[in-house]
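Per chain, numbering begins at 1; letters A, B, ... match sequence-line order.
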Number of protein chains: 2
Amino acid sequence: MRSEDLAKLLGLSRSTISRVINNYPDIPQATRDKVWKAIEEHNYAPNASARKLAGVKNKMIAIILLDIKEDEEPHHVKATEDHLIHDNPFFSPIINAVSDQANKMDYYVLISIAYSKKDLKKVQSLFYQKLIDGAIFVGTQEAENELIFNLIEQKHYIAMIDTSEAYNTKHNAIYLNVDNYEGSVKAVSYLLELGHTSIGIITGNINKLSAIERLAGYKATLMQHGIEMRKDATYHGDFTENSGYEGIKYILSGPNPPTAIFVSNDTMVIGAYKAISELGLRVPEDISIIGFDNSFFSSYLNPSLTTIDISFTDLAKRATKLLIESIEQEQQRGIIEKVNATLVIRDSCKVMNREDKTK
Amino acid sequence: MRSEDLAKLLGLSRSTISRVINNYPDIPQATRDKVWKAIEEHNYAPNASARKLAGVKNKMIAIILLDIKEDEEPHHVKATEDHLIHDNPFFSPIINAVSDQANKMDYYVLISIAYSKKDLKKVQSLFYQKLIDGAIFVGTQEAENELIFNLIEQKHYIAMIDTSEAYNTKHNAIYLNVDNYEGSVKAVSYLLELGHTSIGIITGNINKLSAIERLAGYKATLMQHGIEMRKDATYHGDFTENSGYEGIKYILSGPNPPTAIFVSNDTMVIGAYKAISELGLRVPEDISIIGFDNSFFSSYLNPSLTTIDISFTDLAKRATKLLIESIEQEQQRGIIEKVNATLVIRDSCKVMNREDKTK
DNA sequence: CTGAAAGCGCTTACAG
DNA sequence: CTGAAAGCGCTTACAG
């Protein structure tokens with residue numbers, strides 16, 4: 001069914017059909033009703049390609065998940081031979097939130113997962129083919145910057161989630177990031193409130209901004225309370241389960257172990273719990289543990305993990321909203337926003353009482 | 001950049017540009033090279049809408065996640081005020097696998113999550129607008145059937161994952177389902193092999209095909225071994241965490257509790273573990289537990305859960321492959337396939353030794 | 001081998 | 001208020 005057919009059926013012209021569909025004024029209610037009725041009846045919908053070609057907006061954005069393995073593996077990602085990345089705790093909430101927000105604003109969402117430079121070329125071509133009006137990139141690394149910055153310079157609308165915003169001043173794009181610093185301040189402050197004064201840390205991969213910021217928040221909070229970082233309670237991990245395991249073995253082997261440990265992400269906590277159990281110790285009775293990320297599994301750990309939630313849902317929604325607004329206004333925008341990190345209290349940290357402290 | 005511009009630049013006609021892009025024969029290698037070089041240089045890509053309008057296929061499919069709450073809540077789904085469904089363990093692996101398979105076959109993927117009848121109308125319109133060539137529906141329920149069957153009759157290409165295939169004989173669509181029966185046969189057989197002879201069950205919501213089939217496999221396997229189902233070791237749950245909790249309390253309160261329990265999905269195991277812990281018992285020393293689904297969290301439970309894996313990845317890949325093949329051949333196909341369920345052995349079931357048995 | 005032209009199904013000034 | 005016509009950027013018979 002084409003608009004032509006519908007027009008003939010009703011004794012009208014295509015122009016009129018088009019006008020009622022596009023809500024032009026100056027059309028008598030009677031024709032309006034007649035047309036809409038026929039549209040419903042015949043399941044007519046204007047051909048999307050024809051509309052687009054005639055100048056109407058697509059209303060389509062893409063969400064691009066990057067998992068490109070040139071150097072090291074990104075955060076939390078374990079790939080199988082098949083390149084599946086859904087183990088990434090960001091995956092579901094981000095896609096879900098983008099989809100919902102876009103839907104709410106009447107946009108379609110194309111999903112694309114890029115594992116290689118070649119896949120990235122395809123992403124680029126989404127813009128050149130004018131298939132999409134804009135895109136949200138998740139998890140870009142240094143190596144992808146050039147391609148993305150090119151796109152931005154070519155006046156395409158782009159939002160980036162969880163990417164260093166170092167370049168923002170030069171680029172008209174939307175950057176949404178986690179407030180890692182604030183998150184670790186909250187984590188360490190909580191431990192201090194519980195009465196812990198000896199707090200160790202297992203850091204993430206210190207090449208990553210997130211690891212650096214989380215460490216900085218830890219350090220600053222301790223200093224503010226007149227506590228110094230202890231070398232023997234600090235382990236440089238890399239965000240993997242195994243480094244959490246090693247970290248615990250290292251830190252708890254000392255003569256005077258801390259009473260609490262800030263583990264820089266939840267994935268490392270899995271290894272940490274294993275090591276603690278092997279040492280015959282218990283969480284939180286013998287050692288308090290706090291994580292970071294509020295990964296999907298953290299409430300299923302035993303004991304359930306007190307951690308820092310960084311609402312990827314919120315991040316994704318805001319990115320989507322800002323991107324679509326920017327598209328609708330036909331104006332590129334340079335925006336940096338940080339999303340709050342919040343403490344999620346569960347069962348892995350205990351209150352210190354006097355005996356514990358003096359012990 | 002339009003093909004016209006490129007043509008002028010090269011002193012050729014649009015026809016020729018189009019012919020090299022679409023790989024027509026009878027074009028001298030020299031012109032081919034010249035054109036491709038210019039295409040690369042100028043980031044030219046044919047406008048997708050124009051191509052589509054001129055008759056070239058879209059190469060776009062949609063993945064439709066249904067979560068419509070007219071009667072009861074679907075399987076495993078907890079919705080927040082925001083309608084997010086990403087807690088569903090199917091979510092990530094299915095989207096990821098569809099995306100990867102489609103990408104491999106050079107198709108784009110549109111994602112749509114439908115929470116209401118109204119959303120479903122939008123999905124319908126994806127077809128009418130000719131935005132997509134076909135779609136994969138996940139988790140449809142009775143109420144959505146009419147709309148989907150209409151689409152099928154209108155010669156649209158459709159695949160359905162995890163839906164009753166009862167209607168297949170009437171409809172030319174691709175149905176991919178889990179072999180629930182085989183899965184529970186495997187679960188119960190494994191318990192029998194370990195030496196358990198007294199095996200309880202917590203069923204799922206018995207209105208659902210999956211719950212019925214899982215129960216049937218359990219019953220049949222016991223019968224085959226000359227064991228009868230015990231009323232006092234059977235609890236009718238509903239796939240929720242809470243019903244797992246209640247089920248354990250009920251079954252283990254009897255005078256002669258079973259040594260193992262088949263819990264019809266992993267979500268209920270979370271509740272079951274809680275109840276067992278409250279009763280002061282331990283898994284698997286005091287009671288063996290086997291689940292179903294191999295949900296993302298099952299390896300993080302403590303002890304890690306022995307369960308049945310139903311590879312949604314495989315399911316989704318096959319559905320995608322079949323759908324796209326059907327689109328390419330321009331022929332609707334009626335296909336039903338069941339995907340294997342496999343046993344994943346972890347730490348929640350113990351071997352029965354003689355003392356246990358005679359006890 | 002390659003160009004001119006029709007046609008895909010819309011939207012939107014332009015007339016009336 | 002509404003129709004006829006141009007135009008969006010391609011592809012593809014049709015000629016040559």
Would you tabulate the pairs of protein nitrogen or oxygen atoms and nucleotide nitrogen or oxygen atoms of nucleotides 11-14 of chain D closer than 3.5 angstrom?
{"unit_1": "D:dT11", "atom_1": "OP1", "unit_2": "B:N22", "atom_2": "ND2", "d": "3.0"}
{"unit_1": "D:dT11", "atom_1": "OP1", "unit_2": "B:R51", "atom_2": "NE", "d": "2.9"}
{"unit_1": "D:dT11", "atom_1": "OP1", "unit_2": "B:R51", "atom_2": "NH2", "d": "3.3"}
{"unit_1": "D:dT11", "atom_1": "OP2", "unit_2": "B:S18", "atom_2": "OG", "d": "2.4"}
{"unit_1": "D:dT11", "atom_1": "O5'", "unit_2": "B:S18", "atom_2": "OG", "d": "3.4"}
{"unit_1": "D:dT12", "atom_1": "OP2", "unit_2": "B:Y24", "atom_2": "OH", "d": "2.7"}
{"unit_1": "D:dT12", "atom_1": "O4", "unit_2": "B:S15", "atom_2": "OG", "d": "3.4"}
{"unit_1": "D:dA13", "atom_1": "N6", "unit_2": "B:R19", "atom_2": "NH2", "d": "2.8"}

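We find that CD of A:E4 is positioned 13 Å from P of D:dA5, with the value rounded to whole Å. Between B:N47 atom CG and D:dC10 atom P the separation is 6 Å, expressed in whole Å. Distance B:K8 NZ to D:dC10 P: 13 Å, rounded to the nearest Å. Rounded to whole Å, atom P of C:dC1 lies 11 Å from atom CD of B:Q29. Between A:R2 atom CZ and C:dC10 atom P the separation is 8 Å, expressed in whole Å. D:dA4 atom C1' lies 15 Å from atom CG of A:L12, rounded to whole Å. Atom CG of A:D33 and atom C1' of D:dC1 are 16 Å apart (whole Å). In this structure, A:Y128 atom OH and D:dC10 atom P are separated by 15 Å, rounded to whole Å.
Salt-bridge formation is detected for the pair A:R2/A:D5: a Lys NZ or Arg NE/NH1/NH2 atom is positioned less than 4.0 Å from an Asp or Glu carboxylate oxygen. Contact check on A:E330 versus A:K155 returns no salt bridge, with no Lys/Arg side-chain nitrogen under 4.0 Å from an Asp/Glu carboxylate oxygen. Using a 4.0 Å cut-off between a side-chain N of Lys or Arg and a carboxylate O of Asp or Glu, A:D106 and B:K122 qualify as a salt bridge.
The CG atom of B:D100 sits 13.0 Å away from the CE atom of B:M105 when rounded to the nearest 0.5 Å.
Within 6.0 Å of the CD atom in A:Q329, the count of heavy atoms belonging to other residues, nucleotides or ligands exceeds 12. Enclosure of atom NZ in A:K130 is not indicated, since only 12 or fewer non-hydrogen atoms of other residues, nucleotides or ligands lie within 6.0 angstrom.
Shown here, C:dG3 forms a base pair with D:dC14; the pair counts as Watson-Crick or G-U wobble because both key distances fall under 3.5 Å.
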